[in-house]
Amino acid sequence: MSSDRLSVVLIIAGLCTLLAGFVAGLAAFSTMWTLFGFGVALTIIATSFIISVLNQRPWPARGRDQLRQLNTIGTALLLAALTCAAVVGIAISGFIALVDGTTLQISPAQDALVGVGVIATVLGVVGFVGAAVVKFGIRLTRTPNGRS
């Protein structure tokens, strides 16, 4: 299976997981199933986007082309942000899996997952914003014929 097809399959699987978690949450009158489905879906979808970005191979930045170097930086930031999104999904799923019943009991493992989730969220937002700024900046610096 090609990486493009794998990426599409993972996105579909993630969306199905999200839908299944939402339906299970409605059926059981519990937000836990909905959050668990969201966490698993976020992990799967972020992984699919990581595969998709890696498949584009935007890495050769050894030349002197500034736009190519900026593109590499933007892609690295995007991959970092997607990795953080996957970590957030794992943290949410793990937190919900560690919750006993419907009461949020405090435990060191849950505290650690919350801390990891918060750090990953902040880093993910910074990565996404940085990637967007770099990629948008590249579009602004290109001339109509595609050269800088």
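Note that the structure is a prediction, hence the values are computed from the model and not measured.
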Non-hydrogen atoms of A81 and G124 that approach each other most closely: CB-O, 3.4 Å

Same apolar cluster (I L V M F W Y, side chains within < 4.5 Å links), F36/F95: yes

Interatomic distance, L78 atom CG to I50 atom CD1 [nearest 0.5 angstrom]: 9.0 Å

Any side-chain heavy-atom pair of I96 and W33 under 4.5 Å: no

Heavy-atom closest contact (T43 atom, I90 atom, distance): OG1-N, 3.1 Å

Minimal non-hydrogen separation, L113 against A91, with atom names: O-CB, 3.7 Å

Cluster check I92, V87: I/L/V/M/F/W/Y, side chain < 4.5 angstrom: no

Connected via hydrophobic side-chain network under 4.5 Å: I119 and L42: no

I45-F128 co-clustered via ILVMFWY side chain contacts under 4.5 Å: yes

From L82 atom CG to L54 atom CG, the distance as rounded to the nearest 0.5 Å: 9.5 Å

Under 4.5 Å side-chain linkage, directly or through intermediates, the cluster mates of V133: V125, V129

Heavy atoms of other groups near F22 CZ, more than 12 under 6.0 Å: no

Check: F49 main-chain N/O paired with S52 side-chain donor or acceptor under 3.5 Å: no

Nearest heavy-atom neighbours spanning S93 and V40: OG-N, 3.1 Å

Co-membership, hydrophobic cluster, residues L19 and V8, 4.5 Å side-chain: no

Value rounded to 0.5 Å, distance of SG in C84 from CG in L79: 11.0 Å

Result of checking L77, T75, T72 against V134 for side-chain contact (heavy atoms from CB on, under 4.5 Å): L77

Closest non-hydrogen atom pair, I44 against L10: CG2-O, 3.0 Å

Minimum heavy-atom distance G37-T17, with the two atoms named: O-CG2, 3.8 Å

